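Working notes, beginning with the structure itself.
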Protein chains: 2
Amino acid sequence: MAHESPTFSPLYRQIKDLIIQGLQSGEWRPGEAIPSEVELAHRFNVSQGTVRKAIDELAAEHLLVRKQGKGTFVSSHADPRAFFRFLRLVRQDGQIEPAQSVPLECLRARAGVEAARVLEIQPGDAIVVMRRVLRFGGKTLVVDEIYLPGDLFGSMTLEVLQTYQGSLYSLFESRFGVRIIRATEKIRAVAADRSSGDILAVPEGTPLLSVERVTYTYQDRPVEWRRGLYCTNEYFYLNELT
Amino acid sequence: MAHESPTFSPLYRQIKDLIIQGLQSGEWRPGEAIPSEVELAHRFNVSQGTVRKAIDELAAEHLLVRKQGKGTFVSSHADPRAFFRFLRLVRQDGQIEPAQSVPLECLRARAGVEAARVLEIQPGDAIVVMRRVLRFGGKTLVVDEIYLPGDLFGSMTLEVLQTYQGSLYSLFESRFGVRIIRATEKIRAVAADRSSGDILAVPEGTPLLSVERVTYTYQDRPVEWRRGLYCTNEYFYLNELT
DNA sequence: CAGTGGTCTAGACCACGGA
DNA sequence: CCGTGGTCTAGACCACTGG
């Protein structure tokens, strides 16, 4: 007998999706605890082991954080440990140093063909464009140009950016309800042009890292497109191949 | 009452270590199947679930590969899927293209202070130094300088490198019994000097990616130090932030 | 001490691959 | 058809946290 459902999905994966729904709907907010495993097991009418396996996967994907004896919590970009997952620039000696974000401008625009393709919206749709620099220990090492879909970030302003303390993704999460889950980066070496050289205080032509990032929220929806230029004279991009 | 053993280790982790021993000792070789879960459970006098959890972790670390209905196999760098885990250069359009390794030279030397520190050996210890290029679709895009500890790779010669078909790590595995597990990379942008520019067929001063890699085998032992210069005009370094 | 996540077991059954 | 890994259950007990 042929298998009727090629889209077979085990129970724990359905439970996982239900939990994701709860996260997406805001039933449980970043930083808060979700119900205990036994409680979820009763709610969903499955065994604790099945809930466990669902949570295991969500924890592996950094959507949840387990804390023995305390509970399971919705992970948050306000947690300092989350910062360095999306900013892999470290000092020569390997030390991680906190970055300071300095917004330069924030304006509304219409998506061009490329931005539309990457963000999976229509050309001409409203977008928000912002530019900012990152400073490490007083030195400007990164200049970013960031494109955001207007439907999610319509109320973004330079003042909001300047006022907020914390990482950009932490702002996305707390003010816009957009949770960043993962990203892909395309990295190449380029020469500094006049304007980026000025900002980074290096001569025109200096080799810089060009980092083009697409960032995704739940269901692999792209919600940010950015291009950064990194000065890697005293810092470098650290990557773990596992 | 204070906890007597701060080094508490659950059963499944001890089983995991036993399996790692089997891998390290060569009891099960790359590409081969390890015994079934039930058989290992009997051998170690634990339940199948405990063996399962041990194997789960080893599979997550890419040391083992599970194949439903067939068995659990020792992963191998001869598997094409493993190639791209350690070579993240892809074409502009995102397509992955096979690389061809062309060895240039291979010589014996003594470790300097830096090589000794990175490889965790003594300055003056024997090392092997090799240089090679990688060609993609006929173009030379990477030049690598590679440092290996002499005790493991003493019999490495240019002829061995030239004769072997397959990836370098596949050679390490099959001929030297060294299994590469993970690596860390420090990435920066640099300008091409005369010699690297000649090899990569770009003008002196062209921005290149400098990728410095330290590679580890079992027990976090470093077994390779390399520095590569990547030409990223038509290809880029792809990274997933998860 | 109660409540949480973490481990371990034993057994039943399902999905898959190959003979 | 059997052997493999994959799922699910129910229950016992351990380790950790905080009141």
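Remember, predicted model here, so these are calculated numbers, not experimental data. Residue numbering restarts at 1 for every chain, and letters A, B, ... go by the order of the sequence lines.
Comparing A/Lys53 and A/Lys70 by the nucleotide of DNA chain D that holds the closest heavy atom to each, the one mapping nearer the 5' end is A/Lys53. When each of A/Gly69 and A/Arg13 is assigned the nucleotide of DNA chain D with its nearest heavy atom, A/Arg13 is the one assigned upstream, toward the 5' end.
Atoms NZ and CG, from A/Lys53 and A/Leu11 in turn, are 12.0 Å apart once rounded to the nearest 0.5 Å. In this structure, CZ in A/Arg85 is found 7.0 Å from OG in A/Ser75, a value given to the nearest 0.5 Å. With rounding to the nearest 0.5 Å, the separation of CD1 in A/Ile127 from CE in A/Met156 is 13.0 Å.
Of the side-chain N and O atoms in A/Ser47, none sit less than 4.0 angstrom from OP1 or OP2 of D/dC8. Close to D/dT4, at under 4.0 Å from its OP1 or OP2, lies a side-chain N or O of B/Ser36. Contact check, B/Lys67 against D/dT4: no side-chain N or O comes under 4.0 Å of OP1 or OP2. Of the side-chain N and O atoms in A/Arg52, none sit less than 4.0 angstrom from OP1 or OP2 of C/dG5. For D/dT9, one of the phosphate oxygens OP1 or OP2 lies less than 4.0 angstrom from a side-chain nitrogen or oxygen of A/Thr50.
The CD1 atom of A/Ile55 sits 12 Å away from the P atom of C/dT4 (whole-angstrom rounding). The distance from atom CD of B/Gln14 to atom C1' of C/dT7 is 12 Å, rounded to the nearest whole Å. Atoms CG (B/Leu40) and P (C/dC8) sit 16 Å apart, rounded to a whole Å. Straight-line distance from the CD1 atom of B/Ile15 to the P atom of C/dC8: 9 Å, rounded to whole Å. For the pair B/Leu11 CG and D/dA15 P, the computed distance is 12 Å after rounding to whole Å. What separates CZ of B/Phe8 from P of D/dC13 is a distance of 16 Å, to the nearest Å. Rounded to a whole Å, the CG atom of A/Asp56 is 14 Å from the C1' atom of D/dC8. One can place CD of A/Gln48 at 15 Å from P of C/dC8, the figure rounded to the nearest angstrom.
Taking every side-chain heavy atom of B/Pro10 into account, C/dC8 is the closest of C/dC8, D/dT4, C/dG6. Comparing D/dT7, C/dG5, D/dG6 by their nearest atom to the side chain of A/Tyr12 picks out D/dT7.
Taking the ring centroids of A/Tyr169 and A/Phe83, they lie at or beyond the 6.0 Å cut-off. Under the 6.0 Å cut-off for aromatic ring centres, A/Phe172 and A/Phe153 qualify, their centroids lying closer than that.
At the heavy-atom level, A/Gln68 lies under 4.0 Å from base atoms of the strands shown.
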